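Whatever order the structure lists ligands and atoms in, that order sets their numbers, starting from 1. Given the structure is predicted, the values throughout are model-derived calculations rather than measurements.
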Amino acid sequence: MKTVDTIKEVREIVNQQKMQGKTVGFVPTMGFLHEGHASLIDKARQQNDFVVVSVFVNPMQFGAGEDLDSYPRDKQHDTQLCQEHGADLVFFAQVDDMYKKGFCSYVDMDILTKELCGLSRPVHFRGVCTVVNKLFNIVTPNRAYFGKKDAQQLAVIKRMVLDLNMNVEVVGCPIVRESDGLAKSSRNIYLSAEERKAALVLSQAIKIGMEQVKGGETDCKKILDKMKQHIENEPLAKIDYVKAVDCDTMQQVAEIKQPVLFAMAVYIGSTRLIDNFYTEDV
Ligand code: PAF
């Protein structure tokens with residue numbers, strides 16, 4: 001496995017692979033890798049000849065007052081995890097290489113980004129779309145892998161690829177959870193012991209929602225009310241949103257007629273966590 005930190009090196013190495021007819025799988029990350037990321041690398045490893053992982057805490061997708069400076073970083077651990085899961089190349093992208101002096105080109109999206117996380121993080125998806133577009137241009141992957149935990153991000157990237165005719169297959173991979181149910185996230189490190197316990201209300205509410213769907217309930221409000229009630233019983237939890245939306249458009253739906261995404265963002269203390277389920281996975 002090679003590690004590089006310039007766009008130039010990534011291009012040279014990937015070009016060599018492509019000239020030999022190899023397919024390229026790509027896992028873009030912000031580092032501080034955990035088993036969720038490992039599952040994406042594993043999937044990329046199964047489906048491609050050459051696997052690239054990028055590690056870049058992208059300043060553009062953090063709003064004012066968000067956790068850009070405190071976002072956890074651990075290059076040594078990330079390198080080791082990538083090695084253990086069979087990545088071929090790890091790209092530790094640098095801010096001044098990614099955003100050259102005078103940078104002023106952006107990829108923006110309407111509709112899908114105006115709901116859910118987009119409401120409380122208004123600049124977030126512009127930053128995500130711009131950096132993912134840039135990374136796709138640098139790595140030129142055949143396939144790119146994203147976790148379903150960030151369900152809105154996955155929908156946004158699929159839409160961007162479709163709208164802008166990008167030549168890459170976007171693969172969504174299942175949420176990976178701790179043994180007690182908490183969805184794996186680099187931000188779980190922020191939780192105190194007490195908050196870590198309280199954070200279980202998210203996955204418990206997901207379970208409650210799934211049971212309702214399994215039991216045949218189709219009224220989204222009834223399901224959402226039960227999920228919210230459970231979260232509201234936890235004093236350390238503050239709901240940002242708990243919503244039912246169309247899986248592709250991210251627009252709210254009242255009834256389960258076609259596949260629906262139940263998604264939530266909840267503050268546990270000052271840490272904002274997300275979780276979700278798709279009715280089609282129930
Ligand atoms: O999901 C993430 O870690 C980031 O949003 C991504 C896709 C790597 C873009 O910075």
Please tabulate, one pair per line, all N/O donor-acceptor pairs under 3.5 Å involving side-chain atoms of residues 179-187, not counting sequence neighbours.
from : atom 1 : to   : atom 2 : distance (Å)
D180 : OD1    : L182 : N      : 3.4
D180 : OD1    : R196 : NH2    : 3.0
D180 : OD2    : R196 : NH1    : 3.1
D180 : OD2    : R196 : NH2    : 3.0
K184 : NZ     : E35  : OE1    : 3.0
K184 : NZ     : E35  : OE2    : 3.4
K184 : NZ     : E178 : OE1    : 3.2
S185 : OG     : R187 : N      : 3.0
S186 : OG     : F32  : O      : 3.2
R187 : NE     : D67  : OD2    : 2.8
R187 : NH2    : D67  : OD1    : 3.1

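Residues Y145 and D42 have side chains that never bring a donor and an acceptor to within less than 3.5 angstrom of each other.
Residue Q153 has at least one nitrogen or oxygen atom sitting less than 3.5 Å from a nitrogen or oxygen atom of ligand 1, judged on distance alone.
Residues D88 and R45 have side chains in contact (heavy-atom distance under 4.5 Å, counting atoms from C-beta outward).
The nearest protein atom to atom 10 (O) of ligand 1, hydrogens excluded, is given as Q61 OE1, 2.6 Å; this is a heavy-atom distance. In terms of protein heavy-atom proximity, atom 3 (O) of ligand 1 is closest to M30 CG, 3.5 Å.
Among pairs with a residue in residues 123-144, those fulfilling salt bridge (Lys or Arg N to Asp or Glu O under 4.0 Å) read R143-E169, at least two apart in sequence or across chains.
Contacts between T29 and ligand 1 below 4.0 angstrom, taking non-hydrogen atoms only, involve the backbone exclusively.
At most 12 heavy atoms of other shown residues, nucleotides or ligands fall within 6.0 angstrom of atom NZ in K222.
When each atom of ligand 1 is checked for a heavy atom of V131 under 4.0 Å away, the hits are 9 (C), 10 (O).
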